[in-house]
K.L.:
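Next up is a structure, given as structure tokens.
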Amino acid sequence: MLHIGGARTALFAWAYARRHGGVFVLRIEDTDRERSGAGYEQAILDGLRWLGIDWDEGPDVGGPYGPYRQTERLEHYRRAAERLLAAGAAYRCFCSAARLEELRARQTSAGDTAAYDGLCRAVDPAEARARSAGGEPFVVRFRVPPGETRFSDLIRGHVAFRNEDVDDWIMVRSDGAPTYNFAVVCDDSEMRITHVLRGEEHLTNTPKQVLLYQALGLEVPVFAHLPLMLGTDGKKLSKRTGDTALLDYRDQGYPPEAVLNFLCLQGWALDDRTDLFSVADLVRHFDPADVGKRGAIFDPEKFLWMAGEYIRSDELARVASRCAPFVVRAGLMSEGEIAARRPWFESAVALAQERIRLYSELPARIAYLFAPDDEVPWQPAALKNARRHEGAEILLGEYLAWLRPQLATGGGAPVLRETTRGWLEARGTKPPVLLQPLRCVLTGEPGGADIFDVIAVLGSERTISRLEAGIRRLASSAPAE
RNA sequence: GGCCCCUUCGUCUAGCCAGGCCUAGGACACCAGGUUUUCAUCCUGGCAACAGGGGUUCAAAUCCCCUAGGGGUCACCA
């Protein structure tokens with residue numbers, strides 16, 4: 001799964017690479033078999049593609065330093081482990097899970113950092129080799145040297161850790177699989193990675209990795225640890241706090257451009273006044289050094305506002321295309337019908353474009369268009385508005401009589417709007433007296449698009465039959481009082 | 001708890017590195033008006049922050065120290 005925070009990391013890394021003409025590499029880190037199902041990689045690729053993030057090297061497109069899935073690179077790790085073992089920079093550890101657990105418990109209760117105590121450091125390499133050859137299970141640990149480890153971080157500046165605080169971490173698991181910290185260093189170096197942008201949760205992994213680069217005699221890349229994206233509770237965003245999978249936002253109807261824009265604002269700003277900008281602007285201006293240090297609490301309200309902002313300012317045709325799947329899912333129209341009546345569909349979408357914040361909100365907004373003319377559901381608030389004017393059904397009747405020939409002229413919404421105004425003025429009737437009952441009868445909604453635009457979308461025939469039916473319903477359902 | 005990181009309106013942030021231009025700017029949300037046939041949009045205005053305390057300085061949101069608070073991490077996860 002591609003987490004929303006991971007998407008932001010990818011976005012920033014991608015923007016940085018694009019800005020400087022670098023190469024953006026997509027590598028699948030799937031060494032944990034349990035968390036790496038088949039759909040997992042696909043979701044990552046789909047998510048990035050949805051956002052419009054492309055990569056120069058990756059599992060699907062290949063590249064000069066492939067393969068790009070860690071499970072296909074096991075031989076690389078095995079060789080590196082051999083080398084480190086031979087050099088004494090790493091050692092085999094035969095400690096049982098039970099002993100480690102007990103050790104950890106002891107350290108934790110004493111208030112110390114839980115770390116391996118180095119027991120197997122003392123095992124003679126020849127003996128260790130013999131024991132492993134004899135089938136005794138073991139892991140390979142990195143032998144952390146004394147001293148201090150420093151590295152520079154584009155966002156945090158110089159960072160230093162005392163090596164005594166760095167655990168003799170496991171590089172190779174007992175089943176022979178590499179751990180993240182190990183695989184990543186091998187890969188980053190072999191893939192000529194110069195810049196590593198990742199989440200702040202990796203900050204404490206960095207000294208381990210830097211030490212490994214040094215042991216391998218490799219050049220250390222430049223790091224940039226992005227602040228975390230936090231939930232409303234101020235804690236690292238997680239499933240518990242809300243939706244965190246990127247594709248959930250697609251499925252909920254967010255425009256990808258809004259997701260991109262919003263993600264940028266979590267930790268970065270274009271300038272002191274601009275909230276809405278494109279990814280081209282990001283690429284033009286992004287510098288990791290400008291990223292803030294503190295975690296950003298994800299604000300769903302602002303996200304929604306931004307989504308609406310993008311939908312409102314977008315071209316109708318595209319909004320319609322993106323709304324279409326939701327309309328189909330809601331059962332309002334089939335894909336075929338939408339294609340066959342595309343102009344009409346677009347005019348229907350136009351009625352709601354500035355009123356929705358997500359594509360998924362469209363169906364509910366235009367559902368009234370699809371109701372049978374003689375039983376359009378009337379919302380209580382709509383009926384209440386209509387009832388505010390006594391004799392509404394009589395006025396509607398007179399309006400209908402006037403309207404029939406008007407509709408036949410096919411003047412469209414602007415013309416009808418004007419002529420209706422004239423009709424109202426001539427008889428000294430205030431607009432709401434007609435328009436509120438009219439809206440109720442045609443849409444059943446208390447609010448919504450300009451009623452003359454609605455009439456245009458509904459068409460003459462349906463407008464008339466809704467009026468006829470509406471007048472009957474109003475008359476027969478007179479208020480109780 | 002150890003280690004590491006962080007701290008400007010409720011939230012996202014600008015300003016901080018190169019101290020005076022800050023009466024701290026913008027945005028979301030909220031409140032009040034206006035436009036509109038309704039809703040939405042749009043426009044105008046308002047509310048609201050430099051965590052606290054010490055320094056340094058003519059001058060500190062900006063530099064230093066301390067305190068408090070928050071977060072991350074301590075896996076044969078990534």
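Residue numbers start from 1 in every chain, and the chains themselves are labelled A, B, ... in the order their sequence lines are given, proteins ahead of strands.
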K.L.:
For Asp168(A) and Tyr91(A), test the side chains for any donor-to-acceptor distance below 3.5 angstrom and give the result as yes or no.
P.N.:
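Tyr91(A) and Asp168(A) do have a side-chain donor-acceptor pair below 3.5 Å.
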K.L.:
Determine whether the side chains of Ser360(A) and Tyr254(A) contain a donor N or O and an acceptor N or O closer than 3.5 Å.
P.N.:
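No, no side-chain donor-acceptor contact under 3.5 Å.
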K.L.:
On the ring face of Phe223(A), is Arg198(A) found with NZ or CZ under 6.0 Å from the centre and within 45° of the axis?
P.N.:
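Ring-cation test returns no.
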K.L.:
Any strand is fair game: report the nucleotide pairing with rC28(B) by Watson-Crick or G-U wobble, both distances under 3.5 Å, or none.
P.N.:
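Partner of rC28(B): rG10(B).
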K.L.:
Ile297(A) side chain: which of rU38(B), rC5(B), rU11(B) is closest?
P.N.:
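Selected nucleotide: rU11(B).
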K.L.:
Map Ala97(A) and Lys293(A) onto RNA chain B by nearest heavy atom, then report which one ends up closer to the 5' terminus.
P.N.:
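Result: Lys293(A).
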K.L.:
Pick the C1' atom in rA78(B) and in rU73(B), then give their distance to the nearest Å.
P.N.:
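To the nearest whole Å, 13 Å.
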K.L.:
Of the nucleotides rA78(B), rA29(B), rA75(B), which has the atom closest to the Arg104(A) side chain?
P.N.:
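Taking heavy atoms from C-beta onward, the closest nucleotide is rA75(B).
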K.L.:
Among the nucleotides rA40(B), rG72(B), rC28(B), which one has an atom lying closest to any side-chain atom of Leu228(A)?
P.N.:
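Nearest to the side-chain atoms of Leu228(A), counting from C-beta on, is rG72(B).
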K.L.:
Base of rC76(B), side chain of Ser174(A) - is there a donor-acceptor contact under 3.5 Å?
P.N.:
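Check passes, donor-acceptor contact within cut-off.
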K.L.:
Any salt bridge between Arg318(A) and Glu315(A), counting N to O under 4.0 Å?
P.N.:
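Salt bridge absent between Arg318(A) and Glu315(A).
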K.L.:
Restricting to nitrogen or oxygen on both sides, can you table the protein-nucleotides 25-27 of chain B pairs closer than 3.5 Å?
P.N.:
residue	atom	partner	partner atom	Å
rG25(B)	N2	Asp272(A)	O	3.0
rG26(B)	O2'	Arg273(A)	O	3.0
rA27(B)	O4'	Asp275(A)	OD2	2.6
rA27(B)	O2'	Asp275(A)	OD2	3.1
rA27(B)	O2'	Lys302(A)	NZ	3.4
rA27(B)	N3	Lys302(A)	NZ	3.1

K.L.:
Less than 3.5 Å between a donor and an acceptor, one on the side chain of Arg355(A) and one on the base of rC39(B), is that the case here?
P.N.:
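By the distance-only test, yes, there is a pair.
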K.L.:
Less than 3.5 Å between a donor and an acceptor, one on the side chain of Asn205(A) and one on the base of rA78(B), is that the case here?
P.N.:
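By the distance-only test, yes, there is a pair.
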K.L.:
Using the P atom as the reference point in each nucleotide, state the distance between rC50(B) and rC9(B) in Å, no decimals.
P.N.:
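These two P atoms come out 7 Å apart once rounded.
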K.L.:
Please give the distance between the P atoms of rA48(B) and rA59(B) as a whole number of Å.
P.N.:
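My reading of the P atoms in rA48(B) and rA59(B) gives 29 Å.
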K.L.:
Please determine, for the side chain of Arg294(A), which listed nucleotide (rU8(B), rU38(B), rG10(B)) has the closest atom?
P.N.:
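Closest nucleotide to the Arg294(A) side chain: rU8(B).
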K.L.:
For the P atoms, the ones on rG71(B) and on rC31(B), what distance do you get once it is rounded to whole angstrom?
P.N.:
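The same atom, P, in both gives a distance of 30 Å.
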K.L.:
What nucleotide, of rC5(B), rA75(B), rG10(B), holds the atom closest to the side chain of Ile170(A)?
P.N.:
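Ranking rC5(B), rA75(B), rG10(B) by closest atom to the Ile170(A) side chain puts rA75(B) first.
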K.L.:
Looking at Arg427(A), I want to see if its CZ is surrounded by more than 12 non-hydrogen atoms of other residues, nucleotides or ligands under 6.0 Å.
P.N.:
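Counting neighbours around CZ of Arg427(A), more than 12 heavy atoms of other residues, nucleotides or ligands fall under 6.0 Å, so yes.
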K.L.:
Tell me: CG of Leu237(A) to P of rG70(B), nearest whole Å?
P.N.:
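These atoms are roughly 20 Å apart.
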K.L.:
Is any side-chain N or O of Lys235(A) closer than 4.0 Å to OP1 or OP2 of rG71(B)?
P.N.:
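Yes, within the criterion.
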K.L.:
Suppose you measure atom C1' in rA49(B) against the same atom in rG33(B); what distance do you get, rounded to whole Å?
P.N.:
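Approximately 26 Å lies between the C1' atom of rA49(B) and that of rG33(B).
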K.L.:
Select one nucleotide: of rA78(B), rU41(B), rU13(B), the one nearest the side-chain heavy atoms of Ala269(A).
P.N.:
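The closest nucleotide is rU13(B).
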K.L.:
Heavy atoms under 4.0 Å, any strand shown: does Ala449(A) hit a base, just sugar-phosphate, or nothing?
P.N.:
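Base contact.
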K.L.:
Side chain of Ala114(A), heavy atoms from C-beta onward: which of rC4(B), rU38(B), rC74(B) has the nearest atom to it?
P.N.:
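Nearest to the side chain of Ala114(A) among the choices is rC74(B).
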K.L.:
Are Thr9(A) and His3(A) linked by a side-chain donor-acceptor pair shorter than 3.5 Å?
P.N.:
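No.
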K.L.:
For Glu200(A) and Arg156(A), what are the C-alpha separation, side-chain angles and deciding distance, and is it a salt bridge (charged side-chain N to carboxylate O under 4.0 Å, His left out)?
P.N.:
CA-CA 10 Å; Glu200(A) 186 189 319; Arg156(A) 273 144 234 283; 3.4 Å; yes
K.L.:
Between Asn181(A) and Gln209(A), is there a side-chain donor-acceptor contact under 3.5 Å, judged purely by atom types and distance?
P.N.:
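Indeed, the side chains of Gln209(A) and Asn181(A) share at least one donor-acceptor pair under 3.5 Å.
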K.L.:
Taking any heavy-atom pair under 4.0 Å as a contact, classify Gly234(A): base, sugar-phosphate, or nothing.
P.N.:
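Sugar-phosphate only.
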K.L.:
With RNA chain B as reference, determine whether Gly447(A) or Glu201(A) sits nearer its 5' end, using the nearest nucleotide of each.
P.N.:
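Per heavy-atom nearest nucleotide, the more 5' residue is Gly447(A).
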K.L.:
Atom CD of residue position Glu75(A) - does it have more than 12 heavy atoms of other residues, nucleotides or ligands inside 6.0 Å?
P.N.:
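Result for CD/Glu75(A): enclosed.
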K.L.:
Rounded to whole angstrom, note down the P distance from rC76(B) over to rC66(B).
P.N.:
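Nearest-Å result for rC76(B) against rC66(B) at atom P: 35 Å.
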K.L.:
Taking the side chain of Leu100(A) as heavy atoms from C-beta outward, which of rC76(B), rA29(B), rC4(B) is closest to it?
P.N.:
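Output: rC76(B).
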K.L.:
The side chain of Glu301(A) lies closest to which of these nucleotides: rA78(B), rC28(B), rC4(B)?
P.N.:
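Closest of the options to the side chain of Glu301(A): rC28(B).
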K.L.:
Between rC47(B) and rC28(B), how far is it from one C1' atom to the other, in whole Å?
P.N.:
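It comes out at 14 Å once rounded to the nearest Å.
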K.L.:
Considering only atom C1', compute the distance from rU11(B) to rU67(B) and round it to an integer number of Å.
P.N.:
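Result for the C1' pair: 27 Å, nearest Å.
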